[in-house]
**Student:** 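Please find one structure pasted underneath; my questions will follow.
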2 protein chains.
Amino acid sequence: MTDSALADTLREAGLKVTEPRVAVLTALTDIPHSDADTIFGAVLPSVPGTSLQAVYGVLAALTAAGLLRKIEPAGSSALYERRTGDNHHHIVCTECGAVRDVDCVVGHAPCLTPSDAGGFTVHIAEVNFWGVCPDCQNALTQKSAD
Amino acid sequence: MTDSALADTLREAGLKVTEPRVAVLTALTDIPHSDADTIFGAVLPSVPGTSLQAVYGVLAALTAAGLLRKIEPAGSSALYERRTGDNHHHIVCTECGAVRDVDCVVGHAPCLTPSDAGGFTVHIAEVNFWGVCPDCQNALTQKSAD
DNA sequence: GAAGTTGTCTTGAGTTATTCAAAACAACTG
DNA sequence: CAGTTGTTTTGAATAACTCAAGACAACTTC
């Protein structure tokens, strides 16, 4: 994705096009599911004078505009991704923290409807899977074979 | 639930029975889905010399022993509850933060199996619903009627 | 029932992710 | 090109939580 395409994306969302914003979008295209600090590290080379606070500001603005989705897995800092609006879920590795997208389970509206919401109006259902990624499975197998 | 029943619960889990631990269990029986600070406040009157750090320690020990479940909804601090081992879910009010238990959706193993786990071994599926509680619905209706 | 051992609590400080505020600055408008 | 509005920089502050060391209490053994 080119910078000018990203610029258009920003403009369409009613946001001003700035270097930090384009850089953050570029970084999240390359490395999705990154936290603010990782994004800051990825952005710093191309935007030398920037700061972590600026990254937080950009992330908040882009999330509010619907350009980013913020996910907050238990026990880790907030992660951001560009894939929005499709209600997909995530699986997190309990060993290394790796995150992977999981498409919505087999076409289940039932999955997203509690049996008894106790009078609550349900707006969204959030599903997170926890498990072990292939790499860590190998590492664990290796270890137990020692 | 009496203190001695709680004491037995602790002993059965292989934990020493102490005043702060009994007090934390009592507090969580009365007010489930509480955070460390709220529990601290509820415990303080009956265990005058205690500290927030002690509460954190107790919560960690009881959670590790399987006596408590820790839930960490996005954007809020960690909450604890005594209901464990039944894989139930939660619905959180986006207005006031109220949390309510939701029994597992209509008997769905499918709900807990991602369509493509990408090589991950899935251990647990976590489901959180976000919506508006009855009280806040009323408040919002009222407000729009003004 | 008393002494010892082990684990728990208290006290105090430190860490990390995140947020707030004010001034300097840059992007879009006309 | 100048003005306005919104963004970024700089610096500091906050909240939730963790770590560490000594004081202390619960269960065990005698």
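Residue numbers start from 1 in every chain, and the chains themselves are labelled A, B, ... in the order their sequence lines are given, proteins ahead of strands. Heavy-atom basis, side chains included; hydrogens, waters and symmetry copies ignored.
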**Student:** Specify the separation, in whole Å, of atom OH of B:Tyr80 and atom C1' of D:dA16.
**Tutor:** 10 Å

**Student:** Ignoring hydrogens and angles, tell me if any N or O in the side chain of A:Thr63 forms a donor-acceptor pair with the backbone of A:Arg69 under 3.5 Å.
**Tutor:** no

**Student:** Nearest-nucleotide wise, let me know which of A:Leu15 and B:Val17 is further upstream toward the 5' end of DNA chain D.
**Tutor:** A:Leu15

**Student:** B:Gln53 has a side chain; which of D:dT9, C:dA26, D:dC19 sits nearest to it?
**Tutor:** D:dC19

**Student:** What is the distance from CG of A:Leu62 to C1' of D:dT7, rounded to the nearest Å?
**Tutor:** 12 Å

**Student:** How many Å lie between CD on A:Glu72 and C1' on C:dT18, as a whole number?
**Tutor:** 11 Å

**Student:** Looking at residues 31-48 of chain B, who's got a heavy atom less than 4.0 Å off DNA chain C?
**Tutor:** none

**Student:** Looking only at side-chain atoms of A:Ala78, point me to the closest of C:dT18, C:dC9, D:dT7.
**Tutor:** C:dT18

**Student:** What nucleic acid atoms does A:Glu19 come within less than 4.0 Å of, heavy atoms only: base, sugar-phosphate, or nothing?
**Tutor:** nothing

**Student:** Nearest to the side chain of A:Lys16, which nucleotide is it out of C:dC9, D:dG6, D:dT8?
**Tutor:** D:dG6

**Student:** Among C:dC9, D:dA16, D:dC27, which nucleotide has an atom closest to any side-chain atom of B:Pro20?
**Tutor:** C:dC9

**Student:** Do the side chains of A:Leu62 and A:Val17 join up, straight or via other hydrophobic residues, at under 4.5 Å, putting them in one cluster?
**Tutor:** yes

**Student:** Which of the following nucleotides, C:dT18, C:dC28, C:dT8, is nearest to the side chain of A:Leu52?
**Tutor:** C:dT18

**Student:** Please state whether the phosphate of C:dT16, meaning OP1 or OP2, lies under 4.0 angstrom from any side-chain nitrogen or oxygen of A:Ser77.
**Tutor:** no

**Student:** Quick test of your reading: applying ring-ring contact (aromatic ring centres under 6.0 Å, His included), list the pairs with at least one residue in residues 40-78 of chain A, sequence neighbours left out, ordered by first then second residue.
**Tutor:** none

**Student:** So B:Thr18, base contact, sugar-phosphate only, or nothing? Heavy-atom distance under 4.0 Å.
**Tutor:** sugar-phosphate

**Student:** Has A:Arg21 got a side-chain N or O lying under 4.0 Å from the OP1 or OP2 atom of D:dT8?
**Tutor:** yes

**Student:** To the nearest 0.5 angstrom, please state how far the CD atom of A:Glu81 sits from the CG atom of A:Leu79.
**Tutor:** 8.5 Å

**Student:** How far does CD1 of B:Ile39 sit from CG of B:Leu68, to the nearest 0.5 angstrom?
**Tutor:** 7.5 Å

**Student:** Taking for each residue the nucleotide of DNA chain D bearing the nearest heavy atom, is the 5' side occupied by B:Tyr56 or by A:Gly57?
**Tutor:** A:Gly57

**Student:** Rounded to whole angstroms, how far apart are CG on B:Leu59 and P on D:dT18?
**Tutor:** 10 Å

**Student:** Look at the side chain of B:Glu72 and the backbone N and O of A:Gly75, then say whether any donor-acceptor pair between them is shorter than 3.5 Å.
**Tutor:** yes

**Student:** Taking B:Gly119's backbone N and O only, do any of them form a donor-acceptor pair with A:Gln137's side chain (distance below 3.5 Å, no angle check)?
**Tutor:** yes

**Student:** Check whether any side-chain nitrogen or oxygen of A:Arg11 sits under 4.0 Å from OP1 or OP2 of C:dC28, and answer yes or no.
**Tutor:** yes

**Student:** Which nucleotide in the list C:dT11, D:dT8, D:dT18 gets nearest to the side chain of A:Val58?
**Tutor:** D:dT8

**Student:** For C:dT10, take OP1 and OP2 only and decide whether either is under 4.0 Å from a side-chain N or O of B:Thr50.
**Tutor:** yes

**Student:** Using side-chain heavy atoms (C-beta onward) and a distance below 4.5 Å, is A:His33 in contact with A:Asp101?
**Tutor:** yes

